[in-house]
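Here is the structure we will look at.
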Amino acid sequence: MLNHSLEQRLRAAVAAILPQADLSTVQVRPAADTKFGDYQSNALMALAKQQRLNPRQLATQVVEKLDVSDLCEPVEIAGPGFLNFRVRPAALAARLAEAARGEHLFFRPAERPRTLVIDFSSPNVAKPMHVGHIRSTGIGDCLQRVLQLLGHRVISDNHLGDWGTQFGKLLVGWKGQLDRTALASDPIGEMERLYRVVNAACEADPAVLEQARQELVRLQAGDAENLAIWKEMLRLSQDQFDTLYRRLGVSFDHTLGESFYNPQLGAVVADLLARGIARESEGAVGVFSERTLPPKEDPFLVNRDGEWIDDPALVRKSDGGFNYMTTDLATIEHRIRTWSPDEILYVVDDRQAPHFRKLFLTFARWQPEAAGRVGLRHIGFGKIMGDDGRPFRTRSGDTIRLAALLDEAEERALAVVREKRPELPESEQAAIARVVGLGAVKYQDLLPNRQSDYVFSWDKMLALTGNTAPYLQYQFTRAHKVARDGGAYDITALDRVVPEDPAELALTRHLLNFGLTLEAVGEECRPNYLCNYLYELAVLYSRFYENCPVLKSEGDRRVLRLALCDLAARVLRQGLNALGIETTEVM
RNA sequence: GCACCGGUAGCUCAAUUGGAUAGAGCUUCUGACUUCGGAUCAGAAGGUUGCAGGUUCAAGUCCUGCCCGGUGCACCA
């Protein structure tokens with residue numbers, strides 16, 4: 001919104017003074033403190049330093065070339081060279097009027113839309129989805145929604161773990177110990193049981209391990225019986241995934257699991273060998289360090305007892321099988337060929353950071369031209385902890401199934417709804433509890449900086465005050481109700497009235513920053529920026545609502561306030577939606 | 001041992017990546033209300049940003065060295 005207009009003009013002014021300057025660093029951002037105005041730019045200080053100029057003098061020269069008088073009060077130069085912009089209420093009101101007319105909702109589509117592939121969720125076949133999948137699924141879905149909203153072309157791809165060593169064990173179990181009745185009632189539970197039983201047997205008896213290996217080899221060689229069983233396991237798992245994704249409101253454009261790339265793996269390794277990028281070692285094939293990087297920064301080296309030794313990326317095991325490095329290389333190649341993305345985002349646990357460093361470097365060595373056209377980014381995240389400071393598990397130490405977790409969230413939310421809204425019919429209570437419960441889980445997960453671990457807490461996520469989904473959802477219902485009770489309003493009045501009350505002004509200013517928040521989320525892949533923006537919006541709306549009577553006010557003032565309620569509600573709903581969180585009109 | 005990610009108020013977390021006096025929530029204390037939906041709002045208290053140096057107009061953020069916690073270190077993904 002306004003920051004873009006100011007930025008453009010500032011860049012023009014800078015270019016007039018310093019024609020050779022890098023204008024991309026010239027940015028206008030919301031002011032750190034409202035006493036400095038609405039927006040500020042710190043860019044001239046950095047620029048002056050770079051060019052060895054006096055920062056205040058440069059600022060003075062630039063400001064002389066800068067005409068923003070239609071939008072702002074005269075630009076102030078403060079401290080060592082900050083530029084402070086104080087937007088005129090009429091300019092704020094004009095943006096409100098545009099939004100009220102439906103011309104925008106305080107954001108605009110990107111000027112240069114990009115194509116992005118987002119790789120997220122990626123659960124394993126034959127295993128239950130558990131808490132560990134919340135983060136990848138929630139963050140990935142949020143990024144998908146935000147980037148789409150900004151007009152980018154987004155391709156979401158669920159890279160299922162559907163082809164790996166675990167299937168050898170599963171096949172042994174399926175053939176020897178399958179309980180058909182159990183499979184019918186709880187297919188995932190039964191497959192999980194089979195895996196556990198055989199896995200334990202493998203540890204106790206090398207013969208069973210060998211048996212599993214042979215089943216895997218047969219499967220990978222295309223044995224009809226094993227393939228049929230594998231497909232059955234896949235189908236049963238996909239049913240589970242579909243149910244959970246529908247419940248979470250998450251969708252994918254593609255579900256190309258690891259098995260999809262199986263036919264290419266041999267060629268990938270052959271090509272790497274032919275080009276001299278990979279070589280044989282101890283019977284396996286791996287990509288080794290080129291020794292061009294300092295050892296500390298080289299992911300293909302590891303220090304053992306003071307000595308730097310090779311830590312290659314293996315692309316073929318000594319038994320001839322491939323591993324996920326190979327699959328991931330083939331996957332990048334396929335994605336580039338198919339979609340020509342500007343970027344591929346991997347929303348995957350931070351523990352895999354070393355893998356991705358190796359993967360990206362290996363791909364760059366393998367296909368330098370293609371690698372030059374695509375940005376490969378690992379969007380890592382931390383763990384979910386219990387309140388005991390250890391990874392979040394059940395009391396008995398088992399992983400918590402995602403379905404059970406969502407059930408509990410809805411149950412706990414329902415208890416609150418029953419207490420607060422006993423007069424509502426049961427079906428309505430349940431509907432509210434579903435939206436609030438799921439929202440609470442998702443919001444708690446998106447709120448912390450994604451790189452840090454966070455502590456899972458039912459009480460905190462479902463609290464009705466503080467920075468939680470229920471609080472935001474509640475503020476939405478209040479704003480929405482007032483806007484609805486106010487009825488239709490005369491939009492043309494917004495051309496005659498400007499925000500004056502401090503609460504009106506603060507809310508208006510904040511609404512205008514929705515777009516830059518979405519952009520920041522999209523660029524840095526940090527949903528928490530949006531969470532914090534929405535929380536602040538809710539707080540500012542509450543303050544406005546306490547201080548400024550809406551329905552009891554009159555004339556143009558009433559229209560302005562109604563519009564603020566309406567727009568606050570719309571931004572809250574749109575913003576929550578971008579987080580993958582629903583709203584409800586009654587709570 | 002080496003690398004990566006963390007360490008910020010009593011607790012849980014922010015800080016738009018080098019900007020102005022480090023912000024929220026919870027907790028505690030105080031206040032507003034027969035309400036435009038109180039599942040509300042306002043105020044107060046709370047800090048040597050793990051420690052020690054360094055870089056500069058400016059450091060929670062960058063550099064160096066330590067201390068704590070977590071994670072990862074070929075043939076699982």
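Since the structure is predicted, the reported quantities are computational estimates derived from the model, not experimental observations. Naming: A, B, ... by sequence-line order, numbering from 1 per chain.
Taking side-chain N and O atoms only, A:K481 has a distance below 4.0 Å to OP1 or OP2 of B:G37. Between B:A3 and A:K296, a contact under 4.0 Å exists linking OP1 or OP2 to a side-chain N or O. For the OP1/OP2 pair of B:A15 and a distance below 4.0 Å, the side-chain nitrogens and oxygens of A:N449 include at least one atom meeting the criterion. OP1 or OP2 of B:U12 has not a single side-chain nitrogen or oxygen of A:S452 nearer than 4.0 Å. A:R526 has no side-chain polar atom (N or O) that falls below the 4.0 Å cut-off from OP1 or OP2 of B:U16. Considering only side-chain N and O atoms, A:K317 lies under 4.0 angstrom from the phosphate OP1 or OP2 of B:C76. Taking 4.0 angstrom as the limit, A:Q451 places a side-chain polar atom (N or O) nearer than this to OP1 or OP2 of B:G6. Using a 4.0 Å cut-off, no side-chain N or O of A:T477 falls inside it from OP1 or OP2 of B:G37. Residue A:Y195 has no polar side-chain atom (N or O) positioned under 4.0 Å from OP1 or OP2 of B:C76.
The residue A:D453 sits close only to the backbone: its heavy atoms come under 4.0 Å of sugar-phosphate atoms, none of a base. Residue contacts for A:D310: at a heavy-atom cut-off of 4.0 Å it reaches no nucleic acid atom on any strand shown. Here A:D162 lies out of heavy-atom contact (under 4.0 Å) with every strand. Among the heavy atoms of the strands lying under 4.0 Å from A:N528 are primed sugar atoms or P, OP1, OP2 only; no base atom is included. A:E536 comes within 4.0 angstrom of nothing in the nucleic acid, heavy atoms only. Among the atoms of the strands shown, only primed sugar atoms or phosphate atoms (P, OP1, OP2) are found under 4.0 Å from some heavy atom of A:P448.
Ring pair A:H510/A:Y533 is parallel by interplanar angle, where below 30° counts as parallel and above 60° as perpendicular.
Note: CG (A:L447) to C1' (B:U12) measures 10 Å, nearest angstrom. For the pair A:N54 CG and B:C57 P, the interatomic distance rounds to 12 Å; values are reported in whole Å.
Residue A:S318 places a side-chain atom within donor-acceptor reach of the base of B:C75, judged by atom type and a 3.5 Å distance cut-off alone. Between the side chain of A:S281 and the base of B:A74, at least one donor-acceptor pair of N or O atoms lies under 3.5 Å. Judged by atom type and distance alone, A:N42 does not reach the base of B:A58 through any side-chain donor-acceptor pair under 3.5 Å. If you check distances only, the side chain of A:Y474 never reaches the base of B:A39 with a donor-acceptor pair under 3.5 Å.
Nucleotides B:A42 and B:U27 are separated by 15 Å at their P atoms, to the nearest Å.
Partner assigned to B:G31 is B:C41, using Watson-Crick or G-U wobble distances below 3.5 angstrom. When both distances must be under 3.5 Å, the Watson-Crick or G-U wobble mate of B:G60 does not exist. B:C4 is paired with B:G70 under the criterion used here, namely a Watson-Crick or G-U wobble arrangement in which both key atom distances are under 3.5 Å. Base-pair partner of B:G65: B:C51 (Watson-Crick or G-U wobble, both distances under 3.5 Å). Remark: B:G18 base-pairs with no nucleotide; criterion is Watson-Crick or G-U wobble with both hydrogen-bond distances under 3.5 Å. Partner assigned to B:G23 is B:C13, using Watson-Crick or G-U wobble distances below 3.5 angstrom.
Judged by centroid separation below 5.5 Å and plane tilt below 30°, A:F36 stacks onto the base of B:A20. Once the 5.5 Å centre distance and the 30° plane angle are applied, the aromatic ring of A:F82 is found stacked with the base of B:A20.
If you check B:A42, B:A14, B:C57 against the side chain of A:R543, the one that comes closest is B:A42. Closest to the A:T465 side chain, of the nucleotides B:A39, B:A77, B:C26, is B:C26. For A:K49, taking side-chain heavy atoms from C-beta onward, the closest of the listed nucleotides B:C57, B:U16, B:G19 is B:C57. Side chain of A:N303, nearest nucleotide from B:C2, B:C41, B:C75: B:C2. Residue A:K383 has its side chain nearest to B:U71 when only B:U71, B:C13, B:G19 are considered.
Cation-pi geometry between A:R365 and A:F300 is met: under 6.0 angstrom from the ring centre, within 45 degrees of the axis. Both cation-pi conditions hold for A:R279 and A:F288: the charged atom is under 6.0 angstrom from the six-membered ring centre and inside a 45 degree cone around its axis.
Positionally, the nearest nucleotide of RNA chain B for A:Q27 lies more toward the 5' end than for the other of A:M325 and A:Q27. Map A:I432 and A:R450 each onto its nearest nucleotide of RNA chain B; the residue landing nearer the 5' end is A:R450.
Nearest approach of A:A48 to A:N54, heavy atoms of both residues: CB-C, 4.3 Å.
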